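Below: the structure, in structure tokens.
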There are 2 protein chains.
Amino acid sequence: MTAVPLHQRIRDEIEGLIRSGAWAPGHRVPFESELMARYGCSRMTVNKAMSALADAGLIVRRRRAGSFVARPRVHSTVLDIPDIQAEITARGETYAFVLLAAERRAADPDDGDETELAGEGDLVVLRGLHVAGGRPFALEDRLISLAAVPEAAAADFAAEPPGAWLLNHVPWTEAESRISAVGAEAAVAELLALDVGTALLAVERRTWRAGEPVTRVRQLFPGEAYDLVARFGPAR
Amino acid sequence: MTAVPLHQRIRDEIEGLIRSGAWAPGHRVPFESELMARYGCSRMTVNKAMSALADAGLIVRRRRAGSFVARPRVHSTVLDIPDIQAEITARGETYAFVLLAAERRAADPDDGDETELAGEGDLVVLRGLHVAGGRPFALEDRLISLAAVPEAAAADFAAEPPGAWLLNHVPWTEAESRISAVGAEAAVAELLALDVGTALLAVERRTWRAGEPVTRVRQLFPGEAYDLVARFGPAR
DNA sequence: CTCGCGAATATGTCTATACATATTGAACCG
DNA sequence: CGGTTCAATATGTATAGACATATTCGCGAG
């Protein structure tokens, strides 16, 4: 009935343990010999599962040392929607994050989006400004689900911008991005030091871990000053 | 010296034949038994190479029938920069493409971008308007390299929009996209029936086949009317 | 204490073999 | 002639064994 090949069952079980966060980045995956014993199969079968996980970038394998859960790469390989701080410092400009507002509250029951994100818990609601070389670079509005990330209640987002903080604390996520263009409204224009109506690139990103919503962020970039770049091509 | 594992060499050679276009979509890849003979190795080794190609989506395998070069999927798996026509008809709106200008000419020698694209040949230069439900949806300026796609000289882009035509004639490409936001200039605003200065989403995409530039396109979408969506997540 | 060397070990590659399974094409029968 | 059955075939999965190679650990020499 099942007809799921063993090597794929092994692969799926390990993948589940990683994606759920049960095995955090850096955690040592059992040796092939241990998995052979656990599943009662030959090494080639285990090896096929582990090689597939390595190809998919979920684990890193090192001879003699063993296999380890990979840490999520900052750039999702494909679309450079990055850690803004890393991007700016890579250009050689100074970076600063100004936290404009931070609060903890329950989800607005009239906002289906917020209630879905919050689940059973509260939300952390943040607004901040990314500053590059002394000039406003992007305005960010973020919601974080405390049900998914309880540690966020105690984090100091003035010291470490929320994007970077999340990357370091919440391993491995699925993400969906929506990209559009909007004209700057008065309040936004003032914060970004632009004229009202200037074209802005609007990026809205939601991420999940193991199917559970983690965060939603809206970022506004001065359109002419910033390009998103996406590349597809021969991998490897 | 080489130290390239045999299964990977097999994989790379076949991948090269596919990406270069030598083996077009639908072409039958040699049977495992044939590849065993050609490379003088065991079936498991060939199988590893072929399974990897199948996982990567480059080939499709069918028992008893053999393995075949896959046809490129319209959506590049990751970033939905789509065939605009498919997108609009999927929404249930009528679609039309209005060809505003078409010419064949040599690359402007002062434009490094154009000369690189053109290579040794001429360019096809197109401007057209995508229309959804009777209203302007996107403005498209496109260059096609005749060196890479000589058939483009005879194509009727009024009958079939260039994006769709290229997808059907030029298999498997690498691509790079740049996304930004701009304000509508007067000429563009008129074509799209918008006010001057309205925020537009600007998508510039370049594609290559086997390292050779094929086309460059700039598309302008009314920002508020259109979202680009990118998804990353558990594959499969 | 440090450096270098060798042994232990986990993964990487490959072979030869076996049986399972989906699909096709052809033979066969109503 | 249409439909069913059946055997041939190519891939899918799995095994047990072998040797290669990178890396680490510990030991011993300086």
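Just so we're on the same page: letters track the sequence lines, and every chain starts at 1. Basis for what follows: all heavy atoms, side chains included, without hydrogens, waters or symmetry-related copies. If you're wondering where the values come from, they're calculated on a predicted model, not measured in any experiment.
- Atoms CG (B:Leu6) and C1' (D:dA20) sit 15 Å apart, rounded to a whole Å.
- Under 4.0 angstrom from either OP1 or OP2 of D:dT13 there lies no side-chain N or O belonging to A:Thr45.
- Using a 4.5 Å heavy-atom cutoff, the side chains of A:Ile14 and A:Leu35 are in contact.
- Across the protein-nucleic acid pair, B:Arg43 atom CZ and D:dT11 atom P stand 7 Å apart, rounded to whole Å.
- For A:Asp141, the side chain to side chain donor-acceptor pair (under 3.5 Å) partners at least two apart in sequence or on another chain are A:Arg127.
- Geometrically, A:Arg71 does not engage A:Phe68 in a cation-pi contact defined by less than 6.0 Å to the ring centre and at most 45° from the axis.
- Contact between A:Leu117 and A:Pro213 at its shortest, heavy atoms only, is CD1-CB, 3.6 Å.
- A salt bridge links B:Glu34 and B:Arg28; the closest N-O separation between the charged side-chain nitrogens and carboxylate oxygens is under 4.0 Å.
- Between B:Pro30 and B:Met44, the residue whose closest nucleotide on DNA chain D is further toward the 5' end is B:Pro30.
- Comparing B:Pro5 and B:Arg63 by the nucleotide of DNA chain C that holds the closest heavy atom to each, the one mapping nearer the 5' end is B:Pro5.
- For DNA chain C, if you chain together Watson-Crick or G-U pairs that step i with j, i+1 with j-1 and so on, the runs of at least three with distances under 3.5 Å are C:1-30 with D:1-30.
- Looking only at distances, no side-chain donor or acceptor of A:Ser145 sits under 3.5 Å from a matching main-chain atom of A:Thr215.
- Taking 4.5 Å as the limit, some side-chain heavy atom of A:Val149 sits within range of a side-chain heavy atom of A:Trp165.
- Atom-to-atom, CZ of A:Arg9 to P of D:dA14 comes out at 10 Å; the value is rounded to the nearest Å.
- Regarding contacts with the backbone of D:dT9, every side-chain N or O of B:Arg62 stays at 4.0 angstrom or more from both OP1 and OP2.
- With salt bridges taken as basic N to acidic carboxylate O contacts below 4.0 Å, one links A:Glu15 and A:Arg11.
- One can place CG of B:Asp55 at 10 Å from P of D:dG12, the figure rounded to the nearest angstrom.
- When DNA chain C is scanned in the 5' to 3' direction for atoms under 4.0 Å from non-hydrogen atoms of chain B, the outermost contacting nucleotides are C:dT13 to C:dT24.
- Taking only side-chain atoms of A:Arg64, from C-beta outward, the nucleotide of D:dA16, D:dT23, D:dT11 with the closest atom is D:dT23.
- Salt bridge status for A:Glu116 with A:Arg216: absent, with no side-chain N to carboxylate O gap under 4.0 Å.
- When each of A:Asn47 and A:Gly66 is assigned the nucleotide of DNA chain C with its nearest heavy atom, A:Gly66 is the one assigned upstream, toward the 5' end.
- Among the protein residues, B:Ser51 comes within range of no part of the nucleic acid, since none of its heavy atoms lies under 4.0 Å from any strand.
- Atoms CZ (A:Phe68) and C1' (D:dA22) sit 14 Å apart, rounded to a whole Å.
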